[in-house]
Amino acid sequence: MGGPMARNAQRAGFSVSAFDVALAARESLSASGVVACDSIAAATRAADTIVTMLPNDDALVGAMRGGGGVLESLQPGALVIDMSTSQLATSQSLASEVRARGALMLDAPVSGGTGGAETATLSIMVGGDRAAFERARPLLAALGTTITYIGANGMGLVAKYVNQMLMEAAFCAVAEAFAFAVKAGAPVQPVFEAVRNGHGGSRVLEMMIPQCLSGDFGSGRELALHTKDGAYAHAAALAVGAWAPVTQLMHELFAQATQAGLSGQSAPAIVKLFEQRAGVSLKSDS
């Protein structure tokens, strides 16, 4: 997602230097006018604002604390905006380390997927210093359409975890409900039409049923990322002493889907677990 976000920032008039571990990604950025650098240090040493967009906690820690990482060359007064979905404790610890160097850090995870990154329509949830948020707002406005300040460092991630908890519960509920409908002998499309405008309707339902009927769940790492994000949400809930039995179950189901080889498909592919257990298929109203 970082590639299209860097290009959108460039198009909005920001001067962007970027680094990615993949040479092909750097070449693509360079072809679109973004200055592609061969190291984190080269991309960040002269920057007053540094944006990280990384796939997991380990990658974020490596980019921030590793040799040649962001913290090594961070200048006083700089602003770090982490737009990854990371562990709450990791993010808050990094914010403290950034602050000790005279800089500020925002956690600003996003929802909207690769499509939202490409069209600059992401929903961005921000935690950190309020003045730093106002400073970051013009850049964030180049990347998303819904930009919400939540509160102190870590609170953007809390909002993202809430988003994940709701989404993953909805994916599993749709899969379970429609596998039941088919098992009971009802066709998918009429049931979908009957419930979509009621209280059972949702964006997840609207996205998921057409994919289930077509059997096309796309490609990429979306289901794997949902599994990772769900694990982080559950860990954060446990850390603060919240009771989260639904989140625990949803995470276990997504983990099963990943172990079953579905990690390279979109999140609605979770339905395959329910189809298998029920002995049915939703594809083409089967």
Side-chain angles (χ1 to χ4, degrees), residues 1-20 25 28-29 32-34 43-44 47-56 59-60 63 70 78-86 88 91 94-95 98 104-168 170 202-204 206-207 218 220-222 225-226 228-230 232-233 266-267:
M1 293 174 66
M5 293 166 71
R7 285 187 280 272
N8 286 332
Q10 181 86 358
R11 292 189 194 104
F14 293 93
S15 176
V16 182
S17 298
F19 170 73
D20 192 289
S28 175
L29 285 168
S32 60
V34 175
T44 63
D48 60 2
T49 302
I50 300 162
V51 178
T52 52
M53 184 57 167
L54 295 157
N56 55 50
L60 174 63
V70 171
L79 174 61
V80 178
I81 308 173
D82 178 39
M83 305 190 76
S84 320
T85 300
S86 58
L88 180 60
S91 181
L94 286 171
V98 167
L104 290 171
M105 178 172 164
L106 298 172
D107 47 283
V110 305
S111 180
T114 303
E118 290 171 347
T119 58
T121 56
L122 293 168
S123 176
I124 306 173
M125 300 151 253
V126 188
D129 179 79
R130 183 67 190 240
F133 166 70
E134 296 299 338
R135 173 178 162 185
R137 190 192 287 273
L139 174 58
L140 298 178
L143 309 177
T145 51
T146 303
I147 303 158
T148 309
Y149 177 74
I150 308 298
N153 283 110
M155 295 303 103
L157 281 168
V158 169
K160 177 60 187 286
Y161 298 154
V162 169
N163 184 70
Q164 291 306 123
M165 293 162 116
L166 293 170
M167 284 178 60
E168 290 172 18
S202 68
R203 290 185 182 181
V204 167
E206 294 293 329
M207 173 185 67
R221 294 187 62 245
E222 186 182 338
L225 289 174
H226 273 278
K228 181 265 295 183
D229 291 350
Y232 291 174
S266 65

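Just so we're clear, the structure is a prediction, and the values are computed from it rather than from any experiment.
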Drop me the distance from [X]'s [atom1] to [Y]'s [atom2], to the nearest 0.5 angstrom.
{"X": "Ile50", "Y": "Thr44", "atom1": "CD1", "atom2": "OG1", "value": "4.5 Å"}
{"X": "Leu60", "Y": "Ser91", "atom1": "CG", "atom2": "OG", "value": "7.5 Å"}
{"X": "Leu106", "Y": "Arg130", "atom1": "CG", "atom2": "CZ", "value": "11.0 Å"}
{"X": "Met5", "Y": "Ile124", "atom1": "CE", "atom2": "CD1", "value": "6.5 Å"}
{"X": "Leu54", "Y": "Met83", "atom1": "CG", "atom2": "CE", "value": "12.0 Å"}

State whether the side chain of Gln10 and the backbone N or O of Gly33 hold a donor-acceptor pair below 3.5 Å, judged by distance alone.
-> yes
Looking at residues at least two apart in the chain, or sitting in another chain, which of them share a side chain to side chain contact (heavy atoms under 4.5 Å, CB included) with [X]?
{"X": "Ala141", "result": "Ile147"}
{"X": "Thr114", "result": "Met1, Glu118"}
{"X": "Ser202", "result": "Val204, Leu205"}
{"X": "Ser123", "result": "Ser111, Met125, Thr146"}

In sequence, state the C-alpha distance, the side-chain angles, and the governing distance for Val158 and Ile150, and then conclude on side chain to side chain contact (heavy atoms under 4.5 Å, CB included).
-> CA-CA 9 Å; Val158 169; Ile150 308 298; 5.9 Å; no
Which residues pass the side-chain hydrogen bond (donor to acceptor under 3.5 Å, both in side chains) test with [X], sequence neighbours left out?
{"X": "Thr121", "answer": "Thr119"}
{"X": "Thr52", "answer": "Asp82"}
{"X": "Asn8", "answer": "Arg11"}

Distance-minimising heavy-atom pair for [X] and [Y]:
{"X": "Ala6", "Y": "Leu29", "answer": "CB-CD2, 3.9 Å"}
{"X": "Gly154", "Y": "Asp107", "answer": "N-OD1, 2.6 Å"}
{"X": "Ala142", "Y": "Ala12", "answer": "CB-CB, 3.5 Å"}
{"X": "Pro4", "Y": "Ala117", "answer": "CB-O, 3.7 Å"}
{"X": "Ala136", "Y": "Leu79", "answer": "CB-CD2, 3.9 Å"}
{"X": "Ala43", "Y": "Ser17", "answer": "O-CB, 3.8 Å"}

For salt bridge (Lys or Arg N to Asp or Glu O under 4.0 Å), just list the numbers for Arg137 and Glu134, CA-CA rounded to whole Å, side-chain angles, deciding distance to a tenth of an Å, and then say yes or no.
-> CA-CA 5 Å; Arg137 190 192 287 273; Glu134 296 299 338; 3.2 Å; yes
Would Val51 and Leu139 satisfy side chain to side chain contact (heavy atoms under 4.5 Å, CB included), going step by step from the backbone distance to the final call?
-> CA-CA 10 Å; Val51 178; Leu139 174 58; 3.8 Å; yes
Residues two or more places apart in sequence or in another chain: which of them pass salt bridge (charged side-chain N to carboxylate O under 4.0 Å, His left out) with Arg135?
-> none
Which pairs pass ring-ring contact (aromatic ring centres under 6.0 Å, His included) with one or both residues in residues 126-159, sequence neighbours excluded?
-> Phe133-Tyr149
Which pairs with one or both residues in residues 150-162 pass side-chain hydrogen bond (donor to acceptor under 3.5 Å, both in side chains), sequence neighbours excluded?
->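 Of all non-adjacent pairs touching residues 150-162, those that pass side-chain hydrogen bond (donor to acceptor under 3.5 Å, both in side chains) are Thr85-Lys160, Arg99-Asn153.
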Can you tell if the side chain of Pro55 reaches within under 4.5 Å of the side chain of Lys228, non-hydrogen atoms only?
-> no
